[in-house]
Amino acid sequence: MDATISEASRRAALAVGAQVRRWRGVRELTLAQVASRSGLNVGYLSQIENDKASPSLAVLGSIAEALDVPPAWFLMGDVPPPTVVRASE
């Protein structure tokens, strides 16, 4: 059972780094810009994106705020974000 949990945790951690990189690219921001906005170190952000570090929920919150996305989007893997349609559209 522990092996299954650790494998699931590992896959989730891998997805987080890819999603952080994805949303940074969508927002057309550099690592330096995200670091400045989030108060985190460029090297640490790079480690997160390259799956060398596992960020805490607080760190994910800081990154999400810097990228203007909900933190949950980092945990969704390849699920596309919801489409927002306003009543006036």
Mind checking whether [X] and [Y] have side chains closer than 4.5 Å, heavy atoms only?
X: Val69; Y: Gln19; result: no
X: Arg27; Y: Gln33; result: no
X: Phe74; Y: Leu67; result: yes

**Complete:** When rounded to the nearest 0.5 Å, the distance separating CG of Leu60 from OG of Ser38 is 11.0 Å

Indicate the atoms forming the closest heavy-atom contact of [X] with [Y], along with that distance.
X: Leu29; Y: Arg37; result: CD1-NH1, 3.5 Å
X: Leu31; Y: Glu49; result: CD2-OE2, 3.7 Å
X: Ala64; Y: Pro70; result: CB-C, 4.1 Å
X: Ala53; Y: Tyr44; result: CB-CE1, 3.8 Å
X: Leu40; Y: Ala35; result: O-CB, 3.1 Å
X: Ala66; Y: Val34; result: CB-O, 4.0 Å

**Side chain Asn41, main chain Gly43, donor-acceptor under 3.5 Å** = yes

